[in-house]
Chemist: 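After the structure tokens below, expect a handful of questions from me.
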There are 2 protein chains.
Amino acid sequence: MKRWIFRKKRAEILEILLALAELGALIKPIEISTNKLAKILDMSQQSASRKLREMEKEGLISREITALGEKIRIRNAGISLLLEYHDRLCEIFRKIKPGIMVLKGVVVRGLGEGRYYMALKGYVAQIKEKLGFKPYPGTLNLKLKNTEDILKRIELQRLPGILIKGFLDGVRTYGDVKAFKAEINGIKPLAVVLPERTSHGIDIIEVIGPFNIREKLGLKNGDEVSLIIYLQ
Amino acid sequence: MKRWIFRKKRAEILEILLALAELGALIKPIEISTNKLAKILDMSQQSASRKLREMEKEGLISREITALGEKIRIRNAGISLLLEYHDRLCEIFRKIKPGIMVLKGVVVRGLGEGRYYMALKGYVAQIKEKLGFKPYPGTLNLKLKNTEDILKRIELQRLPGILIKGFLDGVRTYGDVKAFKAEINGIKPLAVVLPERTSHGIDIIEVIGPFNIREKLGLKNGDEVSLIIYLQ
DNA sequence: ATTACTATAGCTCGAGTAG
DNA sequence: TCTACTCGAGCTATAGTAA
């Protein structure tokens, strides 16, 4: 038999368990009516009722129907289901150290985009204000080789960072850019920039600074550098 | 409009994204045919094809159809979806320190179950061998008050611990029990026991030792103690 | 080998409603 | 109010194919 339908059901149940867990059902029984749960999950009361019955039948939760709703507790099997997804996701996004991130990258030729964007007044003014330097018109592009580093790079996307707001200049709109202060070989102030929309692959990271970084550091294509990023 | 159907679809997509991510699509494009993906997810080739098309349409992945399959990459929106679930689950299961876990609990009256189980030869012999003491027939039951502590308790369930195997004595079967070495106020050797099946709530933790812990520590119901658990 | 269209069997959801 | 049953409308999965 096809297990997909079963897996799909589990993913659906995950959604409900997440809601219940967020209501505190992992810790102590919670009292909730099918109506309220239905509102939280944006489904009909009937569906909420049915789902809870199914979950009880599968031993994922225990229920006790009272006058004004039900007392629901997530049972071990339910916790296991949550932990299973937790583990799979954690395995994918391995934890990073807080505060600082170190990435190794190889210098590669950019697309010339950086030069273009770093010359736009809308960005320049904000970078000066928020990062403390007037950006040299051009970016240093580093290609990440290591799987670990690419995962870190992905982590960066979810961190708040320093927001360089987008703008429109009458012709087109320019998107938000996220930035993190950084340094290479002790040389700073530098910053990593992550445009909201980018044509680069996830394995490329762009570095800006108040000077031509390649020249200042004597770098050429293919050189490997360590980049320290301050997550602040 | 009901958002539940939308949430359900997202949970379903999570399942597929997880499979793709586990194949490495977060890092670099992966080459896979709808047939192979269908096998992995235990669905029909047609469904795999449709799902991928839907996900592409929603901007979650990018595809490039080649002669022998497709080149698939998870795009930012897809990564966001994974991170969203990751964050929600992490929020529920906060990270614990490795090696040692400290829990605070209040002494409560047990159900008399502990006394019964700790007298069974099948368990006693194993405890002696694996934990290094002959258990006193009775358990100290601690009620966890703190949310943080209950979350830690939940974490314990997923850690390997020391396995005390279940057995059958001709009449009924006795389930596996997981144990962790522990101490209270510097007094040891003690151990925390987590039966596979238990009638206790998730906020109760059972402690065993080679002596009557209540007497030895002069504890009475309502006393608060700190329990150190060795996760080994 | 691929991907993907069409048609249908089967499943799910929620309105109506009972208890 | 509550939970939960029935049943039809609508959605989803896959077998059969085409390209």
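Letters A, B, ... are given to chains in the order of the sequence lines, protein chains preceding strands, and every chain is numbered from 1.
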Chemist: Quick one: is C:dC13 close enough that its OP1 or OP2 comes under 4.0 Å of any side-chain N or O from B:Lys8?
Modeler: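 Checking C:dC13 against B:Lys8, a side-chain N or O does come within under 4.0 Å of OP1 or OP2.
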Chemist: Might you work through the salt bridge (charged side-chain N to carboxylate O under 4.0 Å, His left out) test for B:Arg10 and B:Glu84, ending with a clear yes or no?
Modeler: CA-CA 11 Å; B:Arg10 275 171 65 88; B:Glu84 185 198 305; 2.4 Å; yes
Chemist: Look at all strands and tell whether B:Lys51 reaches a base, only sugar-phosphate, or nothing, counting heavy atoms closer than 4.0 Å.
Modeler: sugar-phosphate
Chemist: Tell me whether A:Arg88 is salt-bridged to B:Glu15, with the criterion being a basic N under 4.0 Å from an acidic carboxylate O.
Modeler: yes
Chemist: Whole Å only: how far is the CZ atom of A:Phe6 from the P atom of C:dT12?
Modeler: 13 Å
Chemist: Using whole Å, report how far CG of A:Asn35 lies from C1' of D:dT3.
Modeler: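 These atoms are roughly 10 Å apart.
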Chemist: Is A:Glu12 touching bases, backbone alone, or none of the nucleic acid, heavy atoms closer than 4.0 Å?
Modeler: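 Sugar-phosphate only.
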Chemist: Which one, C:dA4, D:dC2, D:dT3, comes nearest to the side chain of B:Glu70?
Modeler: C:dA4
Chemist: Heavy atoms only, 4.0 Å cut-off, all strands: where does B:Arg53 land among base, sugar-phosphate and nothing?
Modeler: sugar-phosphate
Chemist: Tell me whether the rings of A:Tyr174 and A:Tyr123 are parallel (<30°), tilted (30 to 60°) or perpendicular (>60°).
Modeler: perpendicular
Chemist: From CE of B:Met43 over to C1' of C:dA4, roughly how many Å is that when rounded to an integer?
Modeler: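 From B:Met43 CE to C:dA4 C1': 15 Å.
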Chemist: Given C:dT3, C:dT12, D:dC5, which nucleotide is nearest the side-chain atoms of A:Lys9?
Modeler: C:dT12
Chemist: Could you say whether A:Gln46 or A:Thr66 is positioned toward the 5' end of DNA chain D, judged by the nucleotide with the nearest heavy atom to each?
Modeler: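 Of the two residues, A:Thr66 wins.
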Chemist: Within this structure, what is the CD-to-P distance between A:Glu15 and C:dC13, rounded to whole angstrom?
Modeler: 13 Å
Chemist: In whole Å, what is the span from the NZ atom of A:Lys36 to the C1' atom of D:dT1?
Modeler: 10 Å
Chemist: Where is the tightest heavy-atom contact between A:Ser49 and A:Thr34, given as atom of each residue plus distance?
Modeler: CA-CG2, 3.7 Å
Chemist: To the nearest Å, give me how far apart CH2 (B:Trp4) and P (C:dC13) are.
Modeler: 8 Å
Chemist: Could you give the CZ-to-C1' distance, from B:Arg50 to C:dT6, as a whole number of Å?
Modeler: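 Atom CZ in B:Arg50 sits about 12 Å away from atom C1' in C:dT6.
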Chemist: Once you apply a heavy-atom cut-off of 4.0 Å, does B:Gln45 come out as touching a base, just sugar-phosphate, or nothing?
Modeler: base
Chemist: Can you tell me if B:Ser47 touches the phosphate of D:dA13, counting only side-chain N or O atoms and a distance under 4.0 Å to OP1 or OP2?
Modeler: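 So the side-chain polar atoms of B:Ser47 never come under 4.0 Å of the phosphate oxygens OP1 or OP2 of D:dA13.
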Chemist: Just to confirm, is there a sub-4.0 Å distance from OP1 or OP2 of D:dA13 to any side-chain nitrogen or oxygen of A:Arg7?
Modeler: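 Checking A:Arg7 against D:dA13: no side-chain N or O falls below 4.0 Å of OP1 or OP2.
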Chemist: Regarding B:Ser33, tell me which of base, sugar-phosphate or nothing describes its non-hydrogen contacts under 4.0 Å with the strands shown.
Modeler: sugar-phosphate
Chemist: Counting only heavy atoms not in B:Arg63 (residues, nucleotides, ligands), do more than 12 fall under 6.0 Å from its CZ?
Modeler: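 Yes - once you tally the heavy atoms of other residues, nucleotides and ligands closer than 6.0 Å, there are more than 12.
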Chemist: To the nearest angstrom, how far is B:Arg63 atom CZ from C:dT2 atom P?
Modeler: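 Roughly 15 Å, once rounded to whole Å.
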